[in-house]
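See structure below.
Atoms considered below: every heavy atom in the structure, side chains included; atoms not considered: hydrogens, waters and symmetry mates. Residue numbers start from 1 in every chain, and the chains themselves are labelled A, B, ... in the order their sequence lines are given, proteins ahead of strands.
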Number of protein chains: 2
Amino acid sequence: MDSAPQFNVEPIAVTGTLTDRVCEALTQLIASEDFGAGARLPSEQQMAGRFGVSRTVIREAVSRLKSEGLVESRQGSGVFVRERNIDTPFRIDPALMDCRQSVLQVIELRQALEGEIAALAATRRTPAQMTAIRDALAGIAEAEAAGDDGVDADIAFHRSIAAATDNPHFLALTEFLFTFLTHATRITRGYEATKRTLSLQVKDEHQHIVDAIAANDAEAARAAARQHMKCAMQRLGSANLKKLRQPSA
Amino acid sequence: MDSAPQFNVEPIAVTGTLTDRVCEALTQLIASEDFGAGARLPSEQQMAGRFGVSRTVIREAVSRLKSEGLVESRQGSGVFVRERNIDTPFRIDPALMDCRQSVLQVIELRQALEGEIAALAATRRTPAQMTAIRDALAGIAEAEAAGDDGVDADIAFHRSIAAATDNPHFLALTEFLFTFLTHATRITRGYEATKRTLSLQVKDEHQHIVDAIAANDAEAARAAARQHMKCAMQRLGSANLKKLRQPSA
DNA sequence: ATATGTCGTATTGTATGACAACTTTTAGCC
DNA sequence: GGCTAAAAGTTGTCATACAATACGACATAT
């Protein structure tokens, strides 16, 4: 009988762009098991005909579904429904945001990353990226002079280094950790406080990192970044924080 | 001076579709705060000119960014960077799952983490955790003997080490990266293949890590784990990866 | 002077046609 | 049957055109 999946297009929403509507309709079709995992969608031309839109719209809709991991396209072959993706992203429970131990743990994570990030940046940085790093470093001093707390500038500095790795995942993860830390420290305070009093030392640490990256010295960059993170933990740790659990026995 | 955001487009990645590359480049540009929240991107035509691609490609890339919530487009006005949500989790674009470069980049991320994880584990591990690590190592051999591909056992091994850091975020992040890698390598294949042929070397690397952790030697553990990851990258890099066709028939 | 209407321009949304790159199927030959 | 080559089908990319919308400039009315 009807072995071929039907294309019963319910009257799609009357709001939003055509791409939005087609996207929604396709998502619904896939979800309603008319097209199971591995099934091939009709060709873009066919879908354009069925929906009464141009292939442009279909392509944009499919592109979105691709970015959501629902389908995958193979050139010359077609568009196929993906297996249910166990898309469990990495997240940090916001409930831990005001927990100081969590902050230290996240910084510990950063310590692991920043060392490698600095090393890779020292190896791969382009002159343009080096300039961006130097600008960001200067931005910290400016912010400080302007009376700003300098948190944003500090983040921008570390971000510019992460960007120089040419590995977007380092940048994305750094970004993510920073959003957590800024929100967390906004609760626990103590960031600006410690930062202000020790700004000289921090500035020195930053300079060491930049110098190493400028010199293409991966090992020195790694060491400088690690030292920077270590000091950051100590600053936070000494700022009236409870100690992390240490290796007991 | 020129306050307008620069558009220093470095040569983008040489793999994947044009849309993939542009998408990645734009994400990086937005993340690197050349374009802060609320800023307007250049018009699609301008971007097409700068990247040297057609407007079609730009539109599909922007469409993906829209579906990820990074930007929003207003007809007649332009494309604007959206305020980053507080709890946007760290995730990896599923569209990059079959991109071999992404796999290597994620492994590079793991390389940064595993070194520190091993070092921390060596410092903090409890006897019980040490036992768990040894059991996991033995589990790899058992799985291998049983004819299993040993992927799950390998994951369990690294997980047991991450658990010994007493920092739950290391465990969670490792977990996340593994789910990505398993899904990705299930597409690109080559994991078991390379693993089988080089299992002796892998086993040796594992043993070195365990020994260092057992001896509470943080530096040795870090070195061993980094070496392990480095080799993993080389193995994947040399392996002849090919996209896998879904067995729909 | 302020408010309002109109217009022109810039920008995104959509349509269409074409070609390239790639995959699958088919036809033909041995 | 098995192999090769042609053909058809599909996604990827490009170029162009027009529609729909937003926004500022300018003129006009109150």
Side-chain angles (χ1 to χ4, degrees), chain A residues 4-5 7 12-26 35 38-67 70-82, chain B residues 4-5 7 12-26 35 38-67 70-82 95-100 187 241-249:
Chain A
F7 233 75
I12 43 186
V14 285
T15 55
T17 67
L18 285 181
T19 302
D20 291 335
R21 302 183 219 172
V22 170
C23 205
E24 185 179 328
L26 282 180
F35 296 89
R40 215 201 75 175
L41 297 185
S43 76
E44 294 176 348
Q45 262 185 349
Q46 287 176 343
M47 286 194 279
R50 309 254 197 176
F51 282 110
V53 297
S54 72
R55 196 184 148 211
T56 308
V57 172
I58 298 293
R59 277 195 63 78
E60 286 204 12
V62 169
S63 182
R64 283 195 203 174
L65 296 190
K66 263 194 291 187
S67 84
L70 260 72
V71 302
E72 89 183 293
S73 63
R74 292 199 277 275
Q75 183 172 341
S77 185
V79 179
F80 299 84
V81 178
R82 259 210 173 121
Chain B
F7 230 77
I12 41 188
V14 285
T15 56
T17 68
L18 285 181
T19 301
D20 290 336
R21 303 182 219 174
V22 170
C23 202
E24 185 177 321
L26 281 180
F35 297 89
R40 216 201 75 178
L41 297 185
S43 75
E44 295 176 346
Q45 259 186 350
Q46 286 177 342
M47 285 194 279
R50 310 252 196 176
F51 282 110
V53 299
S54 73
R55 199 183 145 211
T56 307
V57 173
I58 298 292
R59 278 195 61 78
E60 288 203 10
V62 169
S63 184
R64 280 195 204 174
L65 265 50
K66 262 193 291 188
S67 82
L70 259 75
V71 301
E72 92 184 291
S73 64
R74 291 197 281 273
Q75 184 173 212
S77 184
V79 180
F80 299 85
V81 178
R82 272 177 56 161
L96 302 176
M97 191 102 57
D98 56 351
C99 174
R100 178 172 149 190
I187 295 174
L241 298 183
K242 203 176 164 203
K243 260 201 258 182
L244 180 65
R245 188 162 43 112
Q246 285 289 7
S248 56

Taking only residues two or more places apart in sequence or in another chain, which ones pass side-chain hydrogen bond (donor to acceptor under 3.5 Å, both in side chains) with B:R82? none

Quantify the bending of the helix from C:dA1-D:dT30 to C:dC30-D:dG1 as the angle between its end axes, each fitted on five pairs, to 10°. 20°

Indicate yes or no: at least one non-hydrogen side-chain atom of B:L26 is less than 4.5 angstrom from one of B:F51. yes

All side-chain hydrogen bond (donor to acceptor under 3.5 Å, both in side chains) counterparts of B:S63, not counting sequence neighbours: A:R64

Between B:I58 (CD1) and C:dT11 (P), how many Å, whole number? 14 Å

Got more than 12 heavy atoms from elsewhere within 6.0 Å of CD, B:E72? yes

Whole-Å distance, B:M47 CE to C:dT12 C1', equals 11 Å

N/O donor-acceptor pairs under 3.5 Å from side chains in residues 74-81 of chain B, not counting sequence neighbours:
none

Report, as a single string ordered 5' to 3', how protein heavy atoms within less than 4.0 Å touch nucleotides 12-20 of chain D: B base, S sugar-phosphate only, - not at all. BBB--B--B

Just one of B:R59, B:K66, B:E44 clears the side-chain hydrogen bond (donor to acceptor under 3.5 Å, both in side chains) bar with B:S73, so which one? B:K66

Taking only residues two or more places apart in sequence, or in another chain, which ones meet A:T56 in a side-chain hydrogen bond (donor to acceptor under 3.5 Å, both in side chains)? none

Residue pair A:L65 / A:C23: nearest heavy atoms and the distance that separates them: CD2-SG, 3.8 Å

Using atom CZ of A:R40 as one end and atom P of C:dT23 as the other, report the distance to the nearest whole Å. 14 Å

Gap between atoms CD and C1', on B:E72 and C:dT11 respectively (whole Å): 15 Å

